Amino acid sequence: MLPGVTHWQHPRFFAYFPANASGPAILGDLLSAGLGVQGMLWVTSPACTELETVVVDWLAELLGLPDRFRSESAGGGVIADSTSSANLLALLAALQRASDGEVAREGVRRQYAVYVSSQTHSSMEKAARIAGVGSAALRQVDVDPVTLAMDPADLRRRLIEDSAAGLQPVLVCATVGTTATCAIDPIADIGALCREFGAWLHVDAAYAGAAAVCPELRWINDGVADYADSYCTDPHKWLLTNFDCTAFWVADRVALTGALSVLPEYLRNQASESGAVVDYRDWQVPLGRRFRGLKLWAVIRWYGAEGLRAHIRHHVALAQEFAGWVREDEFFEVVAAHPLSLVVFRPRWTGLDAPAADEATAAALERLNAGGEVYLTHCTVGGRIALRLAVGAVSTQREHVQQAWAAIRAAYAVPARS
Ligand code: PLP
């Protein structure tokens, strides 16, 4: 097996975004596997539901998310299996609200529009297909050429155009930390437009959201408290919790459960009928669900707020130092802002035209990864290939980033400095 295993927990794994594993989360998962609970209804294992409610409330507090997302409000949180699922849930809830239940009852009968940018994760398009509005409902809003963040002026233009054409703007997906470069969409400006045009604002903070455990990084969520109808982030990426664990919050749970609640006779029970309990089967696509709250509970209890902050700050500091090294090197350039732990850069290749430079960049990246010492992935910025170095494995230390930098320079045949 081992030659075929990619070591995501290796300290020199810098590809994609991290997929953290930790001792406490592993023990939590082990307990969940052994208990083998199906937490579809409160009554099928009350502790499964109640612990989940407690930990998503704790996490909302740790991240400084608004009270509207807490279980004592009209909203609340749930643990999903992935941000892809959370994005779908957000769209289903938005359709429920926009159609006043018509979509759930009769299917998609009107033309709806869903707004993303070229940097939005592809799962939003998948969600549009699954929800039945189709890829054609997607509007790709322009991004600022420098920050790669969604351009609110272009969003406004499209909202006006679509509304005038009789389409219903149903959801805008804003991203805090895009997959390619960690761009941060201007949530407050986007949110104000959502309110004006009656669209649901969903915020996808899959990777970057974890950073908000640090008060000094909470600016990434500016505007969320005032405008977001839903928000998700993945503790399974950068918050020490083994896959799968996506926290998804809504400000109005009725929109979500209205879209998803179907009650067959065999699931009827007094607790559900009393209205006093939460049945998380109505907050997700499948019926069955694991006891995922245990691993997040174990992580929060073991590390505590300060431990989680230290984890994030350590990686952010390493990435900032790495970006400094790249900046000082005349052969490479940093090509995107790097507020957190992702650095996007590329060789300058002076003397090569763009296609030849891209080919050389890709070939050297392949050589670098084939060496097996480090693993990096690529993206495109402004139509040109760039390298992504995402710091985030639990065991990554400064020496590993230094080793990666040396390996990168060697793969790109940068002459050693005297
Ligand atoms: N959204 C963003 C911004 C992402 O970066 C990613 C993955 O990297 C996803 C969604 C998909 O996440 P998941 O694997 O949890 O579905």
Side-chain angles (χ1 to χ4, degrees), residues 6 8 13-21 25 56 59 63 77-92 114-131 138 140-141 143 147-150 171-185 187 190 201-212 220-221 224 228 230-249 284-286 290 292 295-296 315 336-344 375-381 388-393:
T6 301
W8 282 71
F13 182 98
F14 298 108
Y16 305 102
F17 279 136
N20 285 178
V56 290
L59 188 60
L63 298 176
V78 63
I79 300 179
D81 59 0
S82 64
T83 281
S84 301
S85 291
N87 290 351
L88 171 63
L89 295 172
L91 181 54
L92 294 172
V114 175
Y115 300 82
V116 297
S117 83
S118 58
Q119 305 299 306
T120 305
H121 192 263
S122 54
S123 52
M124 207 63 233
E125 180 168 357
K126 202 187 243 188
R129 291 186 189 180
I130 298 168
L138 247 61
Q140 206 174 87
V141 179
V143 292
T147 63
L148 301 179
M150 189 184 279
L171 172 139
V172 179
C173 179
T175 307
V176 170
T178 58
T179 315
T181 66
C182 194
I184 294 171
D185 289 339
I187 308 290
I190 294 170
L201 174 60
H202 174 59
V203 178
D204 173 349
Y207 146 76
I220 60 173
N221 285 332
V224 166
S230 55
Y231 183 97
C232 67
T233 188
D234 291 340
H236 68 228
K237 283 191 168 65
W238 196 19
L239 210 61
L240 293 156
T241 311
N242 295 40
F243 190 85
D244 52 354
C245 183
T246 294
F248 173 62
W249 292 273
Q284 61 174 28
V285 173
R290 300 189 301 118
R292 292 196 194 93
K295 59 187 169 188
L296 189 54
H315 291 147
H338 45 86
L340 302 177
S341 70
L342 172 69
V343 182
V344 184
Y375 188 17
L376 269 67
T377 45
H378 73 282
C379 63
T380 57
V381 176
R388 297 170 74 264
L389 182 130
V391 183

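All values below were derived from every heavy atom in this structure, side-chain atoms included, with hydrogens, water molecules and symmetry-related copies excluded. Atoms within a ligand are numbered from 1 in the order they appear, just like the ligands themselves. Just so it is clear, the model here is predicted, and its values are computed rather than measured. Residues: numbered from 1 along the sequence shown.
Counting the atoms of ligand 1 from 1 in the order shown, those under 4.0 Å from a heavy atom of Phe17 are 5 (O), 8 (O). Short contacts between ligand 1 and His236, defined as distances under 4.0 Å to a heavy atom of the residue, involve ligand atoms 15 (O).
Between Thr83 and ligand 1, at least one pair of N/O atoms sits closer than 3.5 Å. Residue Ser84 places at least one N or O, backbone or side chain, under 3.5 Å from an N or O of ligand 1.
Between the side chains of Tyr231 and Asn221, a donor-acceptor pair is found at a separation under 3.5 Å.
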In residues 171-181, what donor-acceptor pairs under 3.5 Å come from side-chain atoms, sequence neighbours left out?
unit_1: Thr178; atom_1: OG1; unit_2: Cys182; atom_2: N; d: 3.3
unit_1: Thr178; atom_1: OG1; unit_2: Ala183; atom_2: N; d: 2.9

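Considering only non-hydrogen protein atoms, atom 5 (O) of ligand 1 sits nearest to Thr179 OG1, 2.9 Å. Nearest to atom 1 (N) of ligand 1 among the protein's heavy atoms is Asp204 OD2, 2.6 Å. Of the protein's heavy atoms, His121 CD2, 3.3 Å lies nearest to atom 6 (C) of ligand 1. If you check which protein heavy atom lies closest to atom 12 (O) of ligand 1, you get Lys237 NZ, 3.0 Å.
Of the possible polar contacts, none joining the Lys126 side chain to the Ser85 backbone as a donor-acceptor pair under 3.5 Å is found.
Contact annotation for Asp244 and ligand 1: no heavy atom of the residue comes within less than 4.0 Å of the ligand.
Phe13 has its side chain out of reach of Pro18: every pair of non-hydrogen atoms, C-beta onward, lies at least 4.5 Å apart.
Enclosure of atom NE2 in His378 is not indicated, since only 12 or fewer non-hydrogen atoms of other residues, nucleotides or ligands lie within 6.0 angstrom.
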